[in-house]
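The structure appears right after this line, and notes come after that.
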Amino acid sequence: MEIQWQKIYFQNLSAAQLYAVLQLRNEVFVVEQQCIFQDADNHDQVSYHLLGWGQDALIAYARIIPPGQIYENASIGRVVCKQIYRGKNLGKLLMQEAIAYCVELFGQHTITIGAQLYLKEFYTSLGFQQCSDIYLEDGIEHIKMDYSFS
């Protein structure tokens, strides 16, 4: 499947693009994972957004957060793939694009993520290293992980 990637700063998102982003995030994080949390967390407005389109639908998304907003380092968050496209390497492609976008925006500096614990092996396979103990966020076990360029 061919994926069309878009890299967009928040103020440049169209209403239709923003709606697609929020719809996908809610579909996965709220409905599928049955997690009641405040998705609109006031970080979207200062972030860059990576949208992956396939067959005229948003099927993958990640938020690129500048250094100093959530962590000292730049961060990749709200990483999500539409359920019917999982198991087809889309998550790996999405993260590779997100890492490259971070480098494009901020240079080769450490990238920090707050990863759901069950995805530790996935992120480790991409080069991330655990750098915190397990903590609860919205009732889900997470760990902080860093990606370094050294």
When rounded to the nearest 0.5 angstrom, what is the spacing between CG in Leu105 and OH in Tyr9? 10.5 Å
Please determine whether residues Ile3 and Ile76 belong to a single hydrophobic cluster, defined as Ile, Leu, Val, Met, Phe, Trp and Tyr linked transitively by side-chain heavy-atom distances below 4.5 Å. yes
Between NZ of Lys82 and CG of Leu24, what distance do you get to the nearest 0.5 Å? 6.0 Å
Decide yes or no on side chain to side chain donor-acceptor pair (under 3.5 Å) for Asn42 and Gln45, but give the supporting numbers first. CA-CA 6 Å; Asn42 287 313; Gln45 301 93 315; 3.3 Å; yes
Is the backbone N or O of Ile8 less than 3.5 Å from a side-chain atom of Asn12, with the two atoms forming a donor-acceptor pair by type? no
Side chains of Gln116 and Glu137: closer than 4.5 Å at any heavy-atom pair? no
At what distance, to the nearest 0.5 angstrom, does CD1 of Ile143 lie from CG of Leu119? 9.0 Å
Could you grab the distance from atom CE of Met145 to atom OG of Ser132, nearest 0.5 Å is fine? 9.0 Å
Any chance you could measure Ser14, atom OG, to Gln6, atom CD, to the nearest 0.5 Å? 8.0 Å
So which atom in Tyr135 and which in Gly114 form the shortest heavy-atom distance, rounded to 0.1 Å? OH-CA, 3.6 Å
For residues 56-67, tabulate all N or O donor-acceptor pairs below 3.5 Å that involve a side-chain atom, not counting sequence neighbours.
unit_1: Tyr61; atom_1: OH; unit_2: Arg25; atom_2: NH1; d: 3.1
unit_1: Tyr61; atom_1: OH; unit_2: His49; atom_2: ND1; d: 2.6
unit_1: Arg63; atom_1: NH1; unit_2: Asp41; atom_2: OD1; d: 2.9
unit_1: Arg63; atom_1: NH1; unit_2: Asp44; atom_2: OD1; d: 3.0
unit_1: Arg63; atom_1: NH2; unit_2: Asp41; atom_2: OD2; d: 3.0

On a heavy-atom basis, which atom in Phe106 and which in Ala74 lie closest, and how many Å separate them? CD1-CB, 3.7 Å
Roughly how far, to the nearest 0.5 Å, is CZ of Phe128 from NZ of Lys120? 14.0 Å
Can you check side-chain contact (heavy atoms from CB on, under 4.5 Å) on Gln130 and Tyr123, steps first, answer last? CA-CA 9 Å; Gln130 182 174 344; Tyr123 288 115; over 6 Å; no
Beyond-backbone contact of Met95 with Phe122, side-chain heavy atoms, under 4.5 angstrom: yes
Is Phe10 reachable from Ile70 through a run of hydrophobic residues whose side-chain heavy atoms are each under 4.5 Å from the next? no
Begin from the C-alpha positions of Val103 and Tyr101 and carry the test side-chain contact (heavy atoms from CB on, under 4.5 Å) through to its verdict. CA-CA 5 Å; Val103 170; Tyr101 194 19; over 6 Å; no
Are the side chains of Ile134 and His142 in contact, using a 4.5 Å heavy-atom criterion? no
Could you see if Phe29 belongs to whatever hydrophobic cluster contains Leu18? Use Ile, Leu, Val, Met, Phe, Trp, Tyr and a side-chain cutoff under 4.5 Å. yes
Joint hydrophobic cluster, Ile111 plus Leu126, side-chain heavy atoms closer than 4.5 Å: yes
May I ask you to check whether over 12 heavy atoms, not counting those of Glu72, lie within 6.0 Å of atom CD? no
Can you check whether Ile113's main-chain N or O pairs, donor with acceptor, with Ser75's side chain at less than 3.5 Å? no
Stepwise side-chain contact (heavy atoms from CB on, under 4.5 Å) test for Glu97 and Leu94: CA-CA 5 Å; Glu97 287 287 328; Leu94 172 61; 5.5 Å; no
Derivation of the side-chain contact (heavy atoms from CB on, under 4.5 Å) call for Val21 and Leu51: CA-CA 8 Å; Val21 165; Leu51 289 72; 3.9 Å; yes
With side chains defined as the heavy atoms from C-beta onward, is the minimum distance between Phe149 and Thr110 less than 4.5 Å? no
Residue pair Thr112 / Asp146, side-chain donor-acceptor N/O under 3.5 Å: yes
Flag the pair Glu141 / Leu136 as yes when at least one side-chain heavy-atom distance between them is below 4.5 Å, and no otherwise. yes
With hydrophobic residues grouped by side-chain heavy-atom distances under 4.5 Å, do Leu50 and Tyr19 end up in a single group? no
